[in-house]
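Naming: A, B, ... by sequence-line order, numbering from 1 per chain.
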Number of protein chains: 2
Amino acid sequence: MEQLKALLGEINDLVGAEAVLGWDQQTYMPKAGAEDRGSQLATLAKIRHEKSTCDELGQLLDDLKSYETHLDPDSDEACLIKLARRNYEKQTKVSAEWVGEFAKITTIGQSEWEKARAENNFEAFRPVLEQIFELRRAYADFFKPYDHIYDPMLDDFEPGLKTAEVKEIFSKLRPQQVELIRQIAEKPEIDDSFVYLDYSEQGQWDFGVRVLNDFGFDWNRSRQDKSAHPFTTSFGIDDVRITTRFVPNLGTSSLFSTMHEGGHALYELGFDHALARTPLAAGASMAVHESQSRMWENMVGRSKAFWKHYYPLYQETFRSILGNVSMEDYYRGINKVKPSLIRVEADEATYNLHIMLRLELEIAVMEGQLAVRDLPAAWNARMEEYLGIVPPNDAKGVLQDVHWSGGMMGYFPTYALGNLVSAQLWECIQRDLPNLEEQIEAGKFDELLGWLREKIHRHGAKFEPQDLVKRVTGSKINPDAYMRYLSEKFSAIYDL
Amino acid sequence: MEQLKALLGEINDLVGAEAVLGWDQQTYMPKAGAEDRGSQLATLAKIRHEKSTCDELGQLLDDLKSYETHLDPDSDEACLIKLARRNYEKQTKVSAEWVGEFAKITTIGQSEWEKARAENNFEAFRPVLEQIFELRRAYADFFKPYDHIYDPMLDDFEPGLKTAEVKEIFSKLRPQQVELIRQIAEKPEIDDSFVYLDYSEQGQWDFGVRVLNDFGFDWNRSRQDKSAHPFTTSFGIDDVRITTRFVPNLGTSSLFSTMHEGGHALYELGFDHALARTPLAAGASMAVHESQSRMWENMVGRSKAFWKHYYPLYQETFRSILGNVSMEDYYRGINKVKPSLIRVEADEATYNLHIMLRLELEIAVMEGQLAVRDLPAAWNARMEEYLGIVPPNDAKGVLQDVHWSGGMMGYFPTYALGNLVSAQLWECIQRDLPNLEEQIEAGKFDELLGWLREKIHRHGAKFEPQDLVKRVTGSKINPDAYMRYLSEKFSAIYDL
């Protein structure tokens, strides 16, 4: 067991080192440093892959089989062995040739995609995208027999979750969410023009830091910097970092991305220290991670209770813009529902439909039901069906996201699943903390954070996402709580 | 050859990754991140050591012996094989046990030293210092037969240089420098009280950036940040970083440290790109590196020509402090010679004596001529002899430097040798660029930088320091040019 921990510790150190290099690349690295940084990251990834698939690790995991039977299956050690075995088996099933080829094609894919998007030319991107999907099918082959060809990819992000489960969840969610948007569309449009004005960067930064402080951020163990795209990264339980960005004339961008990344960071900061330097010091899955970020961003940050407390300060900070905007109007403005073309700018009510569209398309291509060349038309048809709008071009349609160019099939559903989980947890929290709303209105979040730490954070990756959600909420991932949340919130705002 | 380059490239990537982690540790890392960072650095160092001493590398170097005979010995490939073989042979001679023990003891040593210095208690530090010297003697044993027990350590920082050469250089230098200081001591003291006032941080930062710009800093390939102790680091030829710090009420600190680190960085930025991702993309030695930093800091930054150009701007920036100080008085103030206790605050005329004292003591201990317990008394006696002052306590005496606690015997002489080399180069530059002074007076440094790039920078570590200095100046390292430089400069300032 000590040998296993030592080896996993070294692998973990390499993961942490790669994360530092990646963080620096996106925050402070001078432009010309990119080439050397690429070499450094490739070498670290290669060494990590060698260590993660080495015979010694396989042997250790075999030798531990009898030891394992005596452990409480919920114990740290049992969970560690189980996760290490899962990772080892997944990684050793995939050939080194595939890994090399995939790295090569997706690097080309990303630069081709950038060009194609800039030039609004899907056909230029199509050949490499076809190769990427082909490689993803070859990836699935390593895991035969599978229930569904999409399962192995989904499992990379949501351990244990099956395509059939995801399909069921979303087929239940979709009609309800489409119907909600239809109802809202019949109501008068909300004025949110004050969002698109010039909020000072320093004011945004200071307000974000204030909110992070109140959320329970520990600046001895974390920091915030600026980057082109906001992200959270971690180099260990005691060094978790977020970034934010300032978009000119978009006052909500830094505000909500800071709360969003703050939510991710609070999760990483909350892992039990007993899990340090092991693969258990990680989120249970991308969806569970996203449930944390979306909860702090939306359930907290877009709630009326939150703004009751913070609006006076916020209004004062940006007095020239918000001096004549009431708290009520501000609240309605930042919660305006309007079908739009771009996923990352979507509101709470429409966001999941963007995801479902992508999920359905990538599954259809994986299944061989849809050709890559037909993706643009299929995209537009679904945009029309779900959101009632059609992109004017592919740059604002099928080419808008980086994920496929990077081979990240299986990633999209985690965003929507995260929303669902956040609402399931939120219902439990409201039950366990009956004064939650008053606490938020007072800018107090310690009980909320304490609940999350106890129920979710401290466990790290000990449990698979469905298992964890069931343990905490009593049910597996399902859309009911989220639909209740949306209905209640938007019925009040739109007087439905 | 391609295999060798690939393997050395990976080792180089690890060096670069370690440097990124080290840079972050000293600039932006939140406090609590130290423990994980320690693990990450230890793992990377372990992997790098394994790769640097692996049989495959030894075999490749053996296999290349016949190929090597056909190469021009000054070619990149020949120099690369030679340096790689040197490094491999040095590293494989040292046992893994010693490396582990040394890392352990010096880690303890540094924390014991910090405590001992704070408590002014040499005796508390003595036991671990004795162990460190003992380990250094054991280190020398790996390289038997040697001419002198200090040679293997000196060779780590100054490839090819012998203790006998260093002793000869310094025995020639010391009496001349002592005599110069004696003469200066008879002259009236210069008023430099304006140095010890409150220079605004932003003003210092902006002036430093302006000077770096003019020196030829390329911000696409480098950056400056703040840290507790200024340093230069590099993650490749196209990503070289410096740091500075602001010491309250010490207006020269950031000013000259920025120029000093800028000089180191210009060296690293000037390596030929053909040397990228090889161990040749490094300074020829610590002394040659220091010659670059000291040249930009002293020959340029403390020259009258420099201040003729920059003083109006500098005076304007800090008008409340310098409004009534003439350029001439400012120039004299920043060049004031006064024997002082602390090496890092020493002026140009006294600095080398601090070094010689340390060098003589560490050699004497290594030789077994001096016991560690007698170091404090020996230190104080030499301070009296060379500088005419005696430390009031060991904290300001024998305990002031971190080097011995980290096992860095052999490092001290490189500082003084760097000064000597800087003056040797400076004489050549003045010969080759007869308008140099006018150029500096005009804030123009491109010809100076071009000369350094051509003669020194581009070669990286292709040549050993004595060889490089001889190629460029016609002589090996010697103190004559430096003494001429000091005499001329301080005769004018002090009217000797």
Side-chain angles (χ1 to χ4, degrees), chain A residues 6-25 27-48 50-51 217-225 233-242 265 269 273 276-278 281, chain B residues 6-25 27-48 50-51 217-225 233-242 265 269 273 276-278 281:
Chain A
L7 185 49
L8 293 176
E10 286 191 0
I11 294 169
N12 200 267
D13 289 336
L14 288 166
V15 172
E18 288 172 67
V20 177
L21 268 62
W23 171 86
D24 177 73
Q25 191 171 30
T27 51
Y28 295 111
M29 188 182 77
K31 265 190 220 162
E35 191 179 333
D36 279 310
R37 187 57 49 87
S39 302
Q40 289 151 5
L41 283 167
T43 291
L44 292 182
K46 178 176 166 247
I47 295 168
R48 179 165 56 86
E50 284 164 8
K51 285 197 182 278
F217 232 59
D218 178 352
W219 299 101
N220 270 323
R221 300 166 60 212
S222 47
R223 50 178 292 122
Q224 181 178 246
D225 296 271
T233 186
S234 147
F235 319 142
I237 299 173
D238 291 322
D239 191 351
V240 178
R241 307 193 188 180
I242 66 172
L269 288 163
H273 276 83
R277 265 189 107 222
T278 79
Chain B
L7 184 49
L8 295 175
E10 286 190 1
I11 295 168
N12 199 266
D13 289 336
L14 288 165
V15 171
E18 287 171 68
V20 177
L21 268 63
W23 171 86
D24 178 74
Q25 190 171 31
T27 51
Y28 294 112
M29 189 182 77
K31 265 190 220 163
E35 192 178 332
D36 278 310
R37 187 56 51 87
S39 302
Q40 289 152 6
L41 282 167
T43 291
L44 292 182
K46 179 175 166 250
I47 295 168
R48 179 165 55 87
E50 283 164 8
K51 284 197 183 277
F217 233 60
D218 177 353
W219 299 101
N220 270 324
R221 301 167 59 213
S222 47
R223 50 178 294 121
Q224 180 178 249
D225 297 272
T233 186
S234 148
F235 319 143
I237 300 172
D238 291 321
D239 191 350
V240 178
R241 307 193 188 181
I242 66 171
L269 288 163
H273 276 84
R277 265 188 106 222
T278 78

Using non-hydrogen atoms and a 4.5 Å limit, figure out which bit of A:Ser222 sits close to chain B: side chain, backbone, both or neither. backbone
I'd like to know if A:Asp239 pairs up with B:Arg37 as an ion pair, taking the criterion as any Lys NZ or Arg NE/NH1/NH2 lying under 4.0 Å from an Asp or Glu carboxylate oxygen. yes
Looking at B:Arg223 and B:Asp218, is any side-chain nitrogen of the basic one under 4.0 Å from a carboxylate oxygen of the acidic one? no
Atom of B:Arg221, atom of A:Ala32 and distance for their closest heavy-atom approach: CG-CB, 3.5 Å
Quick one: what part of B:Trp219 sits under 4.5 Å from any heavy atom of chain A, side chain, backbone, both or neither? backbone
Answer yes or no: does atom CD of B:Glu35 have more than 12 heavy-atom neighbours from other residues, nucleotides or ligands under 6.0 Å? no
Enumerate by number any residue of residues 10-20 of chain A whose heavy atoms lie under 4.5 Å from heavy atoms of chain B; in the absence of such residues, state 'none'. A:Glu10, A:Asp13, A:Leu14, A:Gly16, A:Ala17, A:Val20
Let's go through A:Leu21 and B:Phe235 carefully: what are the C-alpha distance in whole Å and the side-chain angles of both, what is the deciding distance for side-chain contact (heavy atoms from CB on, under 4.5 Å) to 0.1 Å, and is it a yes or a no? CA-CA 10 Å; A:Leu21 268 62; B:Phe235 319 143; over 6 Å; no
For residues A:Tyr28 and A:Asp225, is any side-chain donor paired with an opposing acceptor at under 3.5 Å? yes
Would you mind telling me which of B:Ala42, B:Ser39, B:Gly9, B:Ala276 has the largest number of heavy-atom pairs within less than 4.5 Å of chain A? B:Ser39
Heavy-atom pairs under 4.5 Å with chain A are the metric here; pick the option from B:Asn220, B:Asp36, B:Ile237 that has the most. B:Asn220
Any donor-acceptor N/O pair, A:Gln40 side chain to B:Gly236 backbone, under 3.5 Å: no
Spatial distance of atom CG (B:Asp238) from atom NE2 (B:His273) [nearest 0.5 Å]: 3.5 Å
